[in-house]
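When a ligand or atom number is given, it counts from 1 through the structure's own listing order.
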Amino acid sequence: MYFDSHAHYDDRRFDDDRHEALLSLAENGISNITNIGSDIKTSKKSVALAEKYDFIYAAVGVHPHEVKDMQDADLLEIANLSKHKKVVAIGEIGLDYYYDHSPREAQRYWFKKQMKLAYDLKLPVVIHSRDATEDTIKICKESKIHGGIIHCFSGSVETAEIYLDLGYHISFAGPVTFKNSKSLPEVAKIVPEDRLLIETDCPYMAPEPHRGKRNCSVYVKYVAEKIADLRGVSAEHIAKITSDNAKKLFNIK
Ligand SMILES: [Zn+2]
């Protein structure tokens, strides 16, 4: 059974069939999901999904795209939401210099603030970093953590090694299956067993052979199969270790 460590079932693309999609997961090999918030509204929706479905856990936080209007009151709201017993992480937070939907200074400011909040709350962090490796590493080095995930990892072996040294988990999504992915197959081979995670980031990032379509947790098996193949182990083994790792990191009994 697979643990999809990063999904967005609050997304409107699931509005027509969310309940059916979620109910069909167990029979398709999915045991657990962490649904990730990206602003206050979707963080609340993540908590609501976790309340409604046993197998769903929630992360709450404000994505770099959305921090342009963030205020201290929002940080307080995140702290309040995190008190719910099924909130297992702060995220997704980080830096996105590819889209630059928020000014970079605001991105760095609220990333640091939310890193500090997660540390104070004794929760792990879920980090989004795109075209911002240098600054993400800098902030990660300055911040103390109770564990963390570099979500949908897309960097080099060298970058992965820096995050691993800092105590982070590396999570792979659809891109590791893409035919043009250059460094990811190499990274997938070197991440230690106890730091490896898999995710879909659904509805985004569908893996091969479903690239371009709406993604769902069932497709996490393609990510696992690709990693298993690269590491010369079985997909069942990848399912087991990534599921154990997710439970340990998210402190799920
Ligand atoms: Zn995401």
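- A cation-pi contact, defined as under 6.0 Å to the ring centre and within 45° of the axis, links R104 to Y97.
- Panel note: side chain T177, backbone E208; a donor-acceptor pair is recorded below 3.5 Å.
- S171 has its side chain out of reach of F153: every pair of non-hydrogen atoms, C-beta onward, lies at least 4.5 Å apart.
- In this structure, H63 and H65 have tilted ring planes: the angle between them lies in the 30° to 60° band.
- Expressed to the nearest 10°, the angle at the Zn ion (ligand 1) joining NE2 in H8 with NE2 in H6 is 100°.
- The Zn ion (ligand 1) sits nearest to atom OE2 when only the N, O or S atoms of E92 are considered.
- If you look at D201 and ask which of its N, O or S atoms sits nearest the Zn ion (ligand 1), the answer is OD1.
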